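Computed from a prediction, not measured in an experiment: that's the story for all the values here.
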Amino acid sequence: MSDPIFWLGLSVGLVAASLVTVLIALLPAVGELQRAARSVEKLADTLSRDLPPTLDALRLTGLELGELSEDVSSSVKNASDVVEQVNQSVTGVRKRANWLRGTGRSLGTGVRTAWTVWRNPSTR
């Protein structure tokens with residue numbers, strides 16, 4: 001049993017048996033890798049076909065949202081301008097109403113005084 005050729009042959013045989021075992025174990029893994037590669041290829045085809053239109057649609061949606069934002073902003077500015085005009089109109093109406101109230105009081109006082117003087121000429 002101390003023959004080196006025997007031990008060399010036994011070692012080479014064990015290495016060969018180990019390599020065969022590893023190759024047999026690798027065959028299902030290689031098959032799975034092939035299926036995974038096909039799946040990745042299909043996914044890449046789907047992405048290359050569907051992704052550009054989707055990105056274009058997203059870009060257009062972004063542009064439309066920007067336009068809508070500008071429209072809403074201008075509408076809010078117009079509404080703000082209208083509210084300011086209404087506020088100025090209400091302020092003007094209040095001023096005129098106050099002026100008319102004062103003028104009406106003055107006119108009423110003048111008419112009462114004139115009536116009193118006209119009815120009582122002796123107070124002149």
Side-chain angles (χ1 to χ4, degrees):
M1 286 271 257
S2 63
D3 188 19
I5 301 281
F6 169 74
W7 291 111
L8 180 64
L10 183 64
S11 297
V12 169
L14 288 175
V15 169
S18 298
L19 285 174
V20 168
T21 305
V22 168
L23 286 175
I24 290 172
L26 278 177
L27 287 177
V30 169
E32 290 299 319
L33 283 174
Q34 285 177 341
R35 280 190 225 121
R38 276 188 243 120
S39 295
V40 167
E41 185 179 358
K42 287 179 184 178
L43 177 64
D45 289 342
T46 302
L47 286 176
S48 67
R49 183 181 61 240
D50 292 343
L51 194 59
T54 303
L55 291 176
D56 286 341
L58 285 173
R59 184 180 54 81
L60 289 175
T61 302
L63 292 174
E64 289 172 356
L65 285 174
E67 290 174 4
L68 285 174
S69 174
E70 289 175 8
D71 290 346
V72 167
S73 177
S74 66
S75 296
V76 167
K77 185 183 179 312
N78 289 341
S80 174
D81 292 344
V82 168
V83 167
E84 183 63 31
Q85 289 175 353
V86 167
N87 190 24
Q88 289 175 355
S89 298
V90 167
T91 302
V93 167
R94 282 183 183 159
K95 286 180 182 177
R96 288 188 182 128
N98 287 336
W99 178 80
L100 283 175
R101 191 178 315 141
T103 303
R105 285 181 192 155
S106 299
L107 182 64
T109 303
V111 167
R112 271 186 260 130
T113 303
W115 182 258
T116 303
V117 169
W118 186 64
R119 299 247 332 173
N120 270 337
S122 63
T123 58
R124 288 187 219 169

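No donor-acceptor distance shorter than 3.5 angstrom exists from the side chain of Ser73 to the backbone of Ser69, with no hydrogens or angles considered. The main-chain N or O of Asn87 is found under 3.5 Å from a side-chain atom of Thr91 such that the two form a donor-acceptor pair. Judged by distance alone, the side chain of Ser80 and the main-chain N or O of Val76 form no donor-acceptor pair under 3.5 Å.
Residues passing the side-chain hydrogen bond (donor to acceptor under 3.5 Å, both in side chains) test with Arg94, sequence neighbours excluded: none.
Residue Glu41 holds its CD atom at 11.0 Å from CG of Leu43, rounded to the nearest 0.5 Å. Taking CH2 from Trp7 and CG from Leu14, the interatomic distance works out to 9.5 Å, rounded to the nearest 0.5 Å. Atom CG of residue Asp45 and atom CG of residue Asp50 lie 10.5 Å apart, to the nearest 0.5 angstrom. Note: Thr54 OG1 to Arg49 CZ = 11.0 Å, rounded to the nearest 0.5 Å. Atom OG1 of Thr21 is separated from atom CG of Leu26 by 11.0 Å, given to the nearest 0.5 angstrom. Rounded to the nearest 0.5 angstrom, Glu84 CD and Ser89 OG are separated by 10.0 Å.
By the criterion of side-chain heavy atoms lying less than 4.5 angstrom apart, applied directly or through intervening Ile, Leu, Val, Met, Phe, Trp or Tyr residues, Val117 is not grouped with Val111; the two fall into different hydrophobic clusters. There is no path of hydrophobic side-chain contacts, each under 4.5 Å, that joins Leu33 to Leu23. If you chain together hydrophobic residues whose side chains sit under 4.5 Å apart, Val82 and Val90 fall into the same group.
A salt bridge links Arg35 to Glu32: at least one charged side-chain nitrogen sits closer than 4.0 Å to a carboxylate oxygen.
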